[in-house]
There are 2 protein chains.
Amino acid sequence: MPVSLLSQQLVEFYDKISSWEHSVVKDSGLSPTQMHTIEVIGHHQDLRMKELAERLAVTTGTLTVGIDKLEKLGLVERKPHESDRRSWLVGLTPAGQEMFAEHHRFHEEFTREISLGLSDDEIETLSGLMQKVLQRM
Amino acid sequence: MPVSLLSQQLVEFYDKISSWEHSVVKDSGLSPTQMHTIEVIGHHQDLRMKELAERLAVTTGTLTVGIDKLEKLGLVERKPHESDRRSWLVGLTPAGQEMFAEHHRFHEEFTREISLGLSDDEIETLSGLMQKVLQRM
DNA sequence: TTCAAATAACTTGACTTTCAAAATACAACC
DNA sequence: GGTTGTATTTTGAAAGTCAAGTTATTTGAA
């Protein structure tokens, strides 16, 4: 049952990433939710509230409150949408970008550490397989 | 930069698992937190409150409230610890075990679907690499 | 043995996150 | 132009969380 083993591994993998993320985020002063929001905005840059809410799997009502706080912290900013005056575009401020960049570096460092036991060839094989899997998700 | 690519893939992978989990759990009537608690108990069976709190990354105060609710729902039960009368052992009731088993089946089905693009050999290669990575986490 | 310190679980109060539903402003279509 | 749909915000209620304090029990040192 190779799938059964893989399933177990995914659960364990997901759990360990969660607790790693949890511990790293705690030191940043942001909540996990806030950091995740910064991450998603950082990756996609200038999202509408609706789009961002979907990606974060929360309602727009929830997001309004969350973005209010991040805006007060000076990490994100609302900009008017060019063609749709109902919409806002949410982007990172310079401080938000720095926060995003730092977290990004943490991710890379984490990835480097967990792949220490792998050769360069193995890392490429893993990336290739991951790519195939990601296409199905 | 093979690590950089892998890092990106891990973020995307984690995100997609999160949203899948989110949607599946919603149909179960439990909150994500509650389902995660059921999962951890199901995997380890009969944990002390302290141990369970550590694995869930919450304080024991938080866990007390959470277990109270799951106990009211008839999914978990507290049993006295044999040798330490300060401690409780938390385990799944038959209903809890069924909930756990169902969720476990969802995980396997999910794994099966995302690995549809992979040959049996590739699945085994992926498992092998995952195993090496898990050892570093 | 005895008692002070440590530990496990629980309680309480405050804060945050979340959603659903209602309100507001604007867009799109006929 | 008027109706319907869409994007966001507001509000009220429920759930999750922690820190700090409480109780019961265990551990270890005098």
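Chain A is the first sequence line, chain B the second, and so forth, proteins listed ahead of strands; every chain is numbered from 1.
Heavy atoms of A:Thr33 sit under 4.0 angstrom from primed sugar atoms or phosphate atoms, though from no base atom. Counting non-hydrogen atoms under 4.0 angstrom, A:Ala53 reaches nothing in the nucleic acid. The residue A:Thr64 sits close to a base: some heavy atom pair falls under 4.0 Å.
Side chains of B:Ser4 and B:Ser7: no donor on one and acceptor on the other come within 3.5 Å. Inspection of the A:His103 and A:Glu108 side chains reveals no N or O donor paired with an N or O acceptor under 3.5 Å.
Heavy atoms from other residues, nucleotides or ligands lying under 6.0 Å from NZ of A:Lys79 number more than 12. Open room surrounds CG on A:Asp120; 12 or fewer heavy atoms of other groups in view lie less than 6.0 Å from it.
Of the candidates C:dC26, C:dA20, C:dA8, the closest approach to any side-chain atom of A:Thr59 belongs to C:dA20. For B:Arg78, the listed nucleotide lying nearest its side chain is C:dC10; candidates were C:dA8, C:dC10, C:dT18.
The nearest whole Å value for the distance from the NE2 atom in B:His22 to the C1' atom in C:dC19 is 10 Å. The NE2 atom of B:His81 sits 16 Å away from the P atom of C:dT7 (whole-angstrom rounding). If you take CE of A:Met35 and P of C:dT16, they are 18 Å apart, rounded to a whole angstrom. Protein atom CD of A:Glu82 is 18 Å distant from nucleotide atom P of C:dC26, rounded to whole Å. Distance NZ (A:Lys69) to P (C:dC15): 11 Å, rounded to an integer number of Å. Spacing between atom CZ of B:Arg55 and atom C1' of C:dA8 amounts to 17 Å, rounded to whole angstrom units. Regarding B:Met49, its CE atom lies at a distance of 15 Å from the C1' atom of C:dT7, rounded to whole Å. Straight-line distance from the CD atom of B:Glu51 to the P atom of C:dT7: 15 Å, rounded to whole Å.
Heavy-atom nearest nucleotides on DNA chain C were determined for A:Gln34 and for A:Ser83, and the one closer to the 5' end corresponds to A:Gln34. The 5' end of DNA chain D is approached more closely, in terms of each residue's nearest nucleotide, by A:Arg86 than by the other of A:Arg86 and A:Leu63. Residue order along DNA chain D, read from the 5' end via each residue's closest nucleotide, puts A:Asp84 first among A:Asp84 and A:Thr62.
For A:Glu124, there are no salt bridge (Lys or Arg N to Asp or Glu O under 4.0 Å) partners, not counting sequence neighbours. Here B:Glu77 pairs with nothing under the salt bridge (Lys or Arg N to Asp or Glu O under 4.0 Å) rule; sequence neighbours left out.
Bracketed by its first and final contacts, the part of DNA chain D lying under 4.0 Å from non-hydrogen atoms of chain B reaches from D:dA15 to D:dT26 in 5' to 3' order.
Neither OP1 nor OP2 of C:dT24 sits under 4.0 Å from any side-chain N or O of A:Arg85.
Cluster membership check: B:Val25 shares its hydrophobic cluster with B:Leu92, using side-chain heavy-atom separations under 4.5 Å among Ile, Leu, Val, Met, Phe, Trp and Tyr.
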